[in-house]
Amino acid sequence: MAQQQESVIQSNVEARRWLDSVAETLPADDADRLCSDVTASVIEPLALGDDLQLTAALAPMLRAGHVSIRQIQRHAGGDIAEMAKGLQQLFELSLPGQWAPGERLPPAQGEALRRMLLAVVNDFRLVIVRLAVQVADLRAARTENERTQRMLARDTREIFAPLANRLGIWQLKWELEDFAFRYLQPDDYKSIAKALDERREEREAYIDEVTTELGTLLDEGGITGQVYGRPKHIYSIWRKMTRKQVSLDALYDVRAVRILVDNVTECYTALGIVHNRWPYIRNEFDDYIANPKGNNYQSLHTAVVGPGGQAVEIQIRTHDMHRQAELGVAAHWRYKEGGPGNSVFEQKIAWLRQLLENENEPSDNDLLENLSEGVFDDRVYAITPNGDIVDLPAGATPLDFAYHVHTMIGHRCRGARVNGRIVQLTHALSNGDRVEIITAKEPSPSRDWLLPRAGFLVSARNRTKVRTWFRQQDRDLNRRQGREHLERELQRVGIRDLPIARLAEAMKFEDVDALCVALGAGDITTASVFNAAQQLLAPVEESAPRVKRSRKHKPRGRGRVVIDGSGDVLTQFAGCCNPIPPEPISGYITVGRGISIHRQDCKALTRLAAKQPERILEVSWRKTEDYGHYPITLRIEAKDRTGLLKDISGSLSDDRIRILANDSRIDRKTLRAVVTVKAEIDGLDTLNRILLKLGQLPDIERVDRVN
């Protein structure tokens, strides 16, 4: 055995020399050469063995084509060549350029996602190498253009950071999340980073004072512990600021300390020492040892009023808990030899097996959504009427609670009581809430439950249960209801002249019926339909002109539209239809007021064209990312109540929508209100978002675009 092990080591040494010789043929600053070094350095602290260290160094060179599988087999051996071959498949996984959350994954990307998850089940070490390569790519992207950074960050946020979280490898998770945040939201990232840097010296001095005093207190209590300041991750800070709606100064854990001890008993003893020394802050204590998080994270968290009256967060855990938190499944690999089975590791692998072997054959989009669930891994513990504790993700609703208890209870859910009071199904549960579900005799889920923005279900797994229910219903019913839903929603946002057959083709469906069945069954959402519609509407120049012309003119124009065959003339947007980019538009030559811009489906324009077709001009939107702002009119039907106008105005203000005017009419007999709001928006994306958001307000029955 010793001789065999020595032979493997010698083989790896020779393979490394070969790889170094390949790298030396490349410039010192070559991106692939640098990526190889960085990937190996990321893997090194995980201590997963020389074979994986070598595979990590090979991975970027293999991806770039500098080495081949045959060369790896000849110079590094069959085992490493097999791992490299598996890595080749994992490199295929990336999201399409125009992909948006909620859309179906193209077949190639869906299959790549399944291969990655299967690799976790069969040999998770390959996925760890793939995560390390992603970290290396993100570090190198500092000098890349914004488009490259954003695409790389989007793949990271949607796939790789959630996977690192699921596998419990926080050492990689934090860096993946911070880079994705930096590239996707650069202004937010720079704001927090600057604020942290300005007070760094003051904060470090304070942490030194706290750790010194804690070390003395633990020694006096007979506990041998390691005490040190805990680094704060910028994405984690932003997420907590957003969730709690507070400023950076109001966060308790910007100043954070960690205590590592030998066993669980010493964890609670150390907690007592901390609370005896400084007053603790109510509602800021979490016992994740007695109640581990969903990814089996364990630790004690508390916040106290420390020296100088400043709040400081303190985490207390054992060395084993810390190793598990930082390395996740990698910890299992490092310590499995000669030891007992690791239940945490087995639970993670069991979760993936269950996801991949789902008897209802989840779609690729279900896989992606379930993978992403758990990035925000704080938990809420609610209580059943019988006193049982139900573990739910943060922000979970009574409907999440119902589906967690039993799938059929979720399907039959019609209402809920929380602490004895009837609440909406979108109500966010808090720790200790006692929840009672009100059910009907027959199951009847709503398609609205599938919309993440609607707020009915936080858990992606529960949305999968709803989709499965719709998938099992009668195809004709799904087709009919899907068609009605599609036509209603397209009309609601003012898309009237786009053939549904073109939509079906663009979304890779065989025909319109297949599109309607998928929508009716919940396999796709209206958000993905709107996105496809906008992609079709954007290239206006491909639409047929209303009037044939004998000769072509070079399009000119200096405003937000381009007018065919005209010089710099006065233009104005027609108040009868108020077009919004990228809706197809046409121009009409007025007398004395320049050219009036209409939507192509505008009824007024149709009447004008019938009378005077020679006045119709070809018009298109100027190609720019910033079109400006455009007026719209919304008609909102609701039950009359106190604060209705305030809620509507507040919802629009939250999205920075400028309100130009509003008017309300109330029928005293029926207690119904009709509110008309004139506002300015920057495009169809914003229109769709505010229609959905307004529709979620209490007592709102219908929201439509009037023009």
Side-chain angles (χ1 to χ4, degrees), residues 170 174-175 177-178 181-182 185 187-221 223-261 266-289 293 297-318 321-322 325-326 376-379 394 430-431:
W170 284 30
W174 291 124
E175 189 166 3
E177 287 181 340
D178 272 7
F181 180 52
R182 177 177 183 171
Q185 296 166 253
D187 291 341
D188 292 330
Y189 178 91
K190 290 175 183 176
S191 174
I192 297 174
K194 181 180 179 182
L196 290 175
D197 189 59
E198 287 174 349
R199 303 182 182 180
R200 180 173 53 83
E201 293 184 4
E202 173 190 338
R203 189 171 59 254
E204 289 177 352
Y206 185 84
I207 292 299
D208 287 343
E209 179 184 353
V210 173
T211 54
T212 300
E213 186 167 356
L214 273 175
T216 302
L217 291 172
L218 292 177
D219 288 341
E220 292 174 354
I223 296 177
T224 303
Q226 182 182 353
V227 185
Y228 59 92
R230 182 168 65 90
K232 287 304 299 177
H233 301 277
I234 293 177
Y235 180 66
S236 172
I237 292 174
W238 174 84
R239 197 178 73 191
K240 188 165 290 189
M241 288 169 59
T242 304
R243 187 174 69 246
K244 294 189 174 185
Q245 294 295 301
V246 297
S247 66
L248 181 63
D249 292 335
L251 290 182
Y252 295 132
D253 57 351
V254 173
R255 292 171 294 275
V257 171
R258 180 174 289 145
I259 301 174
L260 302 183
V261 294
E266 290 185 346
C267 285
Y268 289 99
T269 303
L271 177 67
I273 291 173
V274 170
H275 284 177
N276 284 335
R277 177 61 185 89
W278 297 297
Y280 66 91
I281 300 171
R282 295 179 63 84
N283 300 321
E284 291 296 327
F285 171 69
D286 292 297
D287 186 347
Y288 294 122
I289 293 179
K293 290 187 178 184
Y297 171 86
Q298 288 185 293
S299 187
L300 296 177
H301 291 194
T302 188
V304 299
V305 181
Q310 298 192 66
V312 57
E313 187 203 54
I314 297 176
Q315 293 182 354
I316 307 171
R317 60 178 69 155
T318 67
M321 291 174 188
H322 180 64
E326 293 297 307
F376 304 107
D377 50 16
D378 298 291
R379 311 298 292 178
S430 301
N431 280 322

I need the [X] [atom1] to [Y] [atom2] distance, nearest 0.5 Å.
| X | Y | atom1 | atom2 | answer |
| --- | --- | --- | --- | --- |
| Tyr288 | Gln298 | OH | CD | 12.5 Å |
| His233 | Glu175 | NE2 | CD | 9.5 Å |
| Ile237 | Tyr189 | CD1 | OH | 10.5 Å |
| Leu271 | Gln315 | CG | CD | 12.5 Å |
| Glu177 | Tyr235 | CD | OH | 5.5 Å |

Can you name the closest pair of heavy atoms from [X] and [Y] and give their distance?
| X | Y | result |
| --- | --- | --- |
| Ile314 | Ile316 | CG2-CG1, 4.0 Å |
| Gln310 | Tyr206 | O-OH, 3.2 Å |
| Val261 | Gly225 | CG1-CA, 4.3 Å |
| Leu300 | Cys267 | CD1-O, 3.7 Å |
| Asp188 | Trp238 | OD2-NE1, 3.8 Å |

Contact check, side chains of Ile223 and Ile273, non-hydrogen atoms, under 4.5 Å:
yes
Considering only heavy atoms from C-beta outward, does the side chain of His275 approach that of Val304 to under 4.5 Å?
yes
Dump the intermediate steps for side-chain contact (heavy atoms from CB on, under 4.5 Å) on Arg317 and Arg258, then the final yes or no.
CA-CA 8 Å; Arg317 60 178 69 155; Arg258 180 174 289 145; 3.6 Å; yes
Contacts of Glu213 that satisfy side chain to side chain contact (heavy atoms under 4.5 Å, CB included) - sequence neighbours left out
Leu217, Arg277, Trp278, Pro307
State whether the side chain of [X] and the backbone N or O of [Y] hold a donor-acceptor pair below 3.5 Å, judged by distance alone.
| X | Y | answer |
| --- | --- | --- |
| Asp287 | Ile289 | yes |
| Arg255 | Ala311 | yes |
| Thr211 | Ile207 | yes |

Taken in chain and number order and not counting sequence neighbours, the residues that satisfy side-chain hydrogen bond (donor to acceptor under 3.5 Å, both in side chains) with Asp219 are none
Contacts of Thr269 meeting side-chain hydrogen bond (donor to acceptor under 3.5 Å, both in side chains) (sequence neighbours excluded), chain-then-number -> none
List the residues meeting ring-ring contact (aromatic ring centres under 6.0 Å, His included) with Tyr268, not counting sequence neighbours, and say none if there are none.
none
Evaluate Leu260 against Thr318 for side-chain contact (heavy atoms from CB on, under 4.5 Å), listing each step before the verdict.
CA-CA 5 Å; Leu260 302 183; Thr318 67; over 6 Å; no
Once salt bridge (charged side-chain N to carboxylate O under 4.0 Å, His left out) is applied, do any residues pair with Glu266, and if so which ones, sequence neighbours excluded?
none
Taking salt bridge (charged side-chain N to carboxylate O under 4.0 Å, His left out) as the test, write out the residues that go with Glu209, two or more places apart.
none
Please confirm whether the ring centroid of Phe285 lies under 6.0 Å from the ring centroid of His301.
no
Using 30° and 60° as the class limits, which term best fits the ring planes of Tyr228 and His322: parallel, tilted or perpendicular?
perpendicular
